Amino acid sequence: MAPRALMDADPPALYAARMSLEDLTGRRYWRMDGLGNEFVIVDLRGGARPMTADAARTLGDRSGAFGCDQVITLEEGRGLPRMGIWNADGSEAGACGNAARCVAWLLMEEDGEAATAFASPSGVLMAERLGPHRIAVDMGEPKLRWDQIPLAEAHEDTRYVDVKLGPIDKPVLWGPSAVSMGNPHCVFFVEDVATQRLDRFGPLVEHHPLFPEGVNVSVAQVRSRHDLRVRTWERGVGLTKACGTAACAALVSASRRRLTGRKANVELDGGALGIEWREEDGHVIMAGAVRLSGEGTF
Ligand SMILES: N[C@H](CCC[C@H](N)C(=O)O)C(=O)O
């Protein structure tokens with residue numbers, strides 16, 4: 001439809017102007033992962049139509065030609081490149097730690113710099129290169145108030161929120177911590193993550209009424225004051241091999257409960273991240289690997 005005609009069109013025709021997969025023809029993409037958390041990164045810089053939930057769902061579909069945990073878009077922002085985050089179910093997310101490292105790596109590969117900055121739904125992220133495939137990203141400050149996570153009702157102490165799993169009179173898990181890293185997280189502290197049926201209770205908590213925007217659900221095992229083991233059921237995806245913002249949320253939650261210090265190695269199914277909740281500015285710094293497994297043009 002010619003632009004002029006589009007301008008005169010009524011609203012439905014304007015909606016039709018949004019992204020469809022055909023619009024991706026000729027666009028560059030990269031297949032990357034952060035510790036097995038898999039992404040398709042689509043280059044929409046240079047005047048492409050914005051991504052849509054349908055296009056993201058199709059691209060993310062594991063039965064299709066691509067298949068990934070999140071579709072990540074690289075767009076032109078105001079002065080900085082901008083990263084968009086779409087879960088495999090087509091829902092948009094406010095933060096994605098593993099993908100932030102991958103986007104930072106791509107931008108630094110492009111301009112040959114050892115540091116970069118880019119916009120994301122939760123603000124501007126600064127990143128630096130620690131090695132050929134190792135990146136550190138400043139994920140900003142965690143949000144700790146109940147209305148920032150958000151929770152559906154007031155909780156003065158978000159270190160322990162009112163979620164119980166199992167029989168009413170004998171819950172098996174209860175009182176997770178809640179944190180936002182730009183996306184909502186709840187973290188249950190357990191003796192052994194390997195014995196937890198996260199595949200069973202993850203979706204129950206993800207859609208629990210206490211979390212009006214849904215929530216990413218993690219179990220965390222404190223192995224020492226500077227060593228955590230974390231597994232995550234991701235909102236909009238399900239079990240993933242790694243979740244960067246969950247690693248941040250788990251360290252912040254463990255530190256708030258005095259179970260660890262402010263810096264720890266966080267081991268996920270797909271590998272380990274170094275997480276520090278910096279004393280001087282309250283920012284969370286996440287360091288870890290990135291991997292490029294393919295690239296091409298749609
Ligand atoms: N599923 C998350 C987004 C991706 C987070 C994860 N892949 C990461 O590395 O932080 C959400 O809906 O908030």
Side-chain angles (χ1 to χ4, degrees), residues 93-95 97 122-123 138-166 168 170-193 195-198 201-235 242-268 273-286:
S122 53
D138 178 341
M139 295 298 290
E141 286 186 72
K143 306 285 186 295
L144 306 175
R145 282 204 333 262
W146 69 273
D147 55 330
Q148 294 175 311
I149 290 163
L151 302 182
E153 57 198 39
H155 265 70
E156 281 326 300
D157 186 353
T158 53
R159 293 177 300 166
Y160 306 89
V161 299
D162 190 13
V163 173
K164 290 187 184 68
L165 291 169
I168 298 290
K170 198 169 180 311
V172 290
L173 280 178
W174 64 90
S177 287
V179 179
S180 171
M181 290 304 304
N183 59 345
H185 286 271
C186 77
V187 183
F188 291 90
F189 286 92
V190 299
E191 283 305 308
D192 180 358
V193 298
T195 61
Q196 301 300 322
R197 290 301 307 267
L198 193 51
F201 65 80
L204 300 178
V205 181
E206 176 188 358
H207 301 292
H208 190 287
L210 184 59
F211 302 102
E213 294 178 9
V215 70
N216 297 284
V217 188
S218 294
V219 286
Q221 178 182 341
V222 180
R223 296 197 292 203
S224 79
R225 286 200 52 78
H226 44 78
D227 187 354
L228 284 170
R229 175 80 173 88
V230 173
R231 301 192 69 225
T232 305
W233 173 275
E234 283 199 39
R235 177 181 63 169
C243 178
T245 48
C248 298
L251 182 272
V252 167
S253 301
S255 176
R256 293 178 80 201
R257 292 189 182 197
R258 304 278 184 274
L259 300 172
T260 63
R262 297 179 70 101
K263 189 171 183 178
N265 175 71
V266 180
E267 187 186 339
L268 310 157
L273 291 173
I275 309 289
E276 177 179 6
W277 186 14
R278 247 183 349 211
E279 189 97 45
E280 57 269 31
D281 60 4
H283 284 212
V284 180
I285 311 301
M286 168 196 60

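Here the structure is a predicted model, which is why all the values come from computation and not from measurement. In what follows, every heavy atom counts, from backbone to side chain, and hydrogens, waters and symmetry copies are set aside.
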Check whether any side-chain heavy atom of Val179 sits under 4.5 Å from a side-chain heavy atom of Leu144, and report yes or no. yes
So, using side chain to side chain donor-acceptor pair (under 3.5 Å) as the criterion, who are the partners of Arg231 when residues are at least two apart? Asp269
Quick one: do the His185 and Ser218 side chains pair a donor with an acceptor below 3.5 Å? no
Gln196 CD to Phe188 CZ distance, which is reported to the nearest 0.5 Å: 9.5 Å
Taking all atoms of both residues into account, what is the closest heavy-atom pair of Val172 and Gly166, and its distance? CG2-CA, 4.1 Å
List in chain and number order the residues that pass side chain to side chain contact (heavy atoms under 4.5 Å, CB included) with Asp157, two or more places apart in sequence or in another chain; answer none if no residue qualifies. Arg159, Tyr160
Met181 to Ala249 - nearest heavy-atom pair and separation: CG-N, 4.2 Å
Could you measure the distance from the CG atom of Leu210 to the CH2 atom of Trp146? Nearest 0.5 Å is fine. 10.0 Å
OG1-CG distance between Thr245 and Leu273, expressed to the nearest 0.5 angstrom: 10.5 Å
Please identify each residue that fulfils side chain to side chain contact (heavy atoms under 4.5 Å, CB included) with Arg278, with sequence neighbours left out. Asp138, Glu276, Glu280, Asp281, His283, Ile285
I'd like to know if the side chain of Arg257 pairs up with that of Ser177 as donor and acceptor (distance under 3.5 Å, no hydrogens or angles considered). yes
Identify the two heavy atoms, one from Val217 and one from Leu198, that lie closest to each other, and give their separation to 0.1 Å. O-CD1, 4.0 Å
How close do Ile275 and Val266 get, heavy atom to heavy atom, and via which atoms? CG1-CG2, 3.7 Å
Where the side chain of Gln221 meets the backbone of Val193, is there a donor-acceptor pair that is under 3.5 Å apart? yes
Heavy-atom side-chain proximity of Pro150 to Pro212 below 4.5 angstrom: yes
Is there a side-chain contact between Phe201 and Val219 in this structure, where contact means two heavy atoms from C-beta onward sitting under 4.5 Å apart? yes
My understanding is that only residues two or more places apart in sequence, or in another chain, count here; which of them pass side chain to side chain contact (heavy atoms under 4.5 Å, CB included) with Arg262? Ser255, Trp277, Glu279
List the residues meeting side chain to side chain contact (heavy atoms under 4.5 Å, CB included) with Pro171, not counting sequence neighbours, and say none if there are none. Lys164, Trp174
Could you state the interatomic distance from CG (Asp162) to NE2 (His208), rounded to the nearest 0.5 Å? 7.5 Å
For the CG atom of Asp147 and the NE2 atom of His155, what is their distance to the nearest 0.5 Å? 12.5 Å
Looking only at heavy atoms, the pair that brings Ala254 and Phe189 closest together is N-CZ, 3.5 Å
I would like to know whether Arg235 and Val215 meet side chain to side chain contact (heavy atoms under 4.5 Å, CB included); could you show each step before the answer? CA-CA 6 Å; Arg235 177 181 63 169; Val215 70; 5.9 Å; no
Flag the pair Lys143 / Ile149 as yes when at least one side-chain heavy-atom distance between them is below 4.5 Å, and no otherwise. no
Among residues at least two apart in sequence or on other chains, which ones pass side chain to side chain donor-acceptor pair (under 3.5 Å) with Arg225? none
To the nearest 0.5 angstrom, please state how far the OG1 atom of Thr158 sits from the CD atom of Gln148. 9.0 Å
Looking only at heavy atoms, which two atoms of Ala246 and Thr232 are closest? And how far apart? CB-OG1, 3.3 Å
Side chain to side chain contact (heavy atoms under 4.5 Å, CB included) between Val163 and Cys186: does it pass, once the steps are laid out? CA-CA 10 Å; Val163 173; Cys186 77; over 6 Å; no
Could you walk me through whether Asn183 and Asn216 satisfy the side chain to side chain contact (heavy atoms under 4.5 Å, CB included) test, starting with their C-alpha distance in whole Å, then the side-chain angles of each, then the deciding distance to 0.1 Å, before giving a yes or no? CA-CA 8 Å; Asn183 59 345; Asn216 297 284; 3.6 Å; yes
